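One structure is given here, and the rest of the page talks about it.
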2 protein chains.
Amino acid sequence: MKLDNKPVTSDIRKHLPGECQIVASILSRIGDKWTVLTIMLLVAGPKRFNELKRMIGGISQRMLALTLRGLERDGVVTRTVTPTVPPRVDYELTELGHSLRVPIEALGNWTFSNVPAVLEAREKFDKQQKGKV
Amino acid sequence: MKLDNKPVTSDIRKHLPGECQIVASILSRIGDKWTVLTIMLLVAGPKRFNELKRMIGGISQRMLALTLRGLERDGVVTRTVTPTVPPRVDYELTELGHSLRVPIEALGNWTFSNVPAVLEAREKFDKQQKGKV
DNA sequence: CTGTATCCCAGTCGATACTG
DNA sequence: CAGTATCGACTGGGATACAG
């Protein structure tokens, strides 16, 4: 897999077969249950581990750790350890992470403004299914 | 989930608690393994079941059926049966589906153009991890 | 052709306990 | 505070077989 400095067209449909997997793997991280929420919180500034945990609410320690490690691996967040007692770890969006904010918010806003339409569609669909049985 | 106490960024944060689940459920459909690809293919026009199956390649009959059913339920695609022998079923994006194309492509294009950055970050991260053990 | 129904494995996630 | 380790429940998804 190499796409060095190729003039990347802005059309997703033109990707090569090999790139498909990478794109899918990144896309699946976005679709991950906690990723979007975590990024949205970090947009406001650096956060500590438990700070994020509290803000997210429903997440387990394990999943937050996994989510953050995944984001760190992909270069979206940085992890900064301050070796005090007790230890302090700050997570912060990288430049790449901040650039992700734009498309993520586009998607979030689309979702938000179409919630009624989707709900209506689901209700209608479910009602039809019910009548079919 | 509490996103409502900070003076932050976009509309996505303004949602009410109850809507959070809906937003998450829609978002998770986007992150679904086959959804984005399927939508991208349908952007070009209506497609039949096996036509989609062939184009996607790696998908099983079961997953394509489930994916399409989910999209239909959310009002993103329509399913049109032509009762001939053999039967013919066409799937087509609704207006809602076509509007989804914009944010999806934004995300896709971000992903596509940042593949090198992410790959580099992963490689760097993995190397560091390796050295730590 | 276009599905639905079953079986089954691999991976995911939460809860809990333990460590530095 | 900030994790890692482990276990068990649950689920996604492929393969296969069958039906309209």
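Please read all numbers here as calculations on a predicted model, not as lab measurements. Below, chain A is the first sequence line, B the second, and so on; all start at residue 1. These values consider heavy atoms only, across backbone and side chains, with no hydrogens, waters or symmetry-generated copies.
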Distances under 3.5 Å only, N/O to N/O: pair up the protein atoms with those of nucleotides 13-20 of chain D.
residue, atom, partner, partner atom, Å
D:dG13, N7, B:Arg62, NH1, 2.7
D:dG13, N7, B:Arg62, NH2, 3.0
D:dG14, OP2, B:Ser60, OG, 3.0

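Pairs of residues two or more places apart, or lying in two chains, that qualify as side-chain hydrogen bond (donor to acceptor under 3.5 Å, both in side chains) and include a residue from residues 27-46 of chain B are B:Arg29-B:Asp74, B:Asp32-B:Thr35. The salt bridge (charged side-chain N to carboxylate O under 4.0 Å, His left out) pairs that include a residue from residues 85-94 of chain A are A:Arg88-A:Asp90, where partners are two or more places apart or lie in different chains. Screening residues 52-73 of chain B for salt bridge (charged side-chain N to carboxylate O under 4.0 Å, His left out) gives A:Asp126-B:Arg73, B:Arg69-B:Glu72 as the qualifying pairs, with residues at least two apart or on separate chains.
Checked by atom type and distance alone, the side chain of A:Thr94 pairs as donor or acceptor with a backbone atom of A:Gly75 at under 3.5 Å. Panel note: side chain B:Thr84, backbone B:Pro86; a donor-acceptor pair is recorded below 3.5 Å.
Contact annotation: A:Arg79 side-chain N/O to D:dG3 OP1/OP2 distance is under 4.0 Å. Neither OP1 nor OP2 of D:dC1 sits under 4.0 Å from any side-chain N or O of A:Tyr91.
For the pair B:Ala65 and B:Arg48, both in contact range of DNA chain C, the more 5′-proximal nearest nucleotide belongs to B:Arg48.
Of the residues listed (B:Ile30, B:Leu93, B:Val36), the one engaging B:Leu100 in a side chain to side chain contact (heavy atoms under 4.5 Å, CB included) is B:Ile30, and it is the only one.
The shortest side-chain heavy-atom distance between B:Leu52 and B:Leu68 falls under the 4.5 Å cut-off.
With sequence neighbours left out, A:Ser60 forms a side chain to side chain donor-acceptor pair (under 3.5 Å) with no residue at all. Checked against side-chain contact (heavy atoms from CB on, under 4.5 Å), A:Val85 has no partners two or more places apart in sequence or in another chain.
Environment of CD in A:Glu120: sparse, with no more than 12 heavy atoms of neighbouring residues, nucleotides or ligands closer than 6.0 Å.
Computed from coordinates, the A:Arg69 CZ to D:dA2 C1' distance equals 12 Å when rounded to whole Å.
For the helix from C:dC1-D:dG20 to C:dG20-D:dC1, the rotation axes defined at the first and last 5 base pairs enclose an angle of 40°, given to the nearest 10°.
Put simply, chain B comes within 4.0 Å of DNA chain C, heavy atom to any atom, from C:dC1 to C:dT6, going 5' to 3'.
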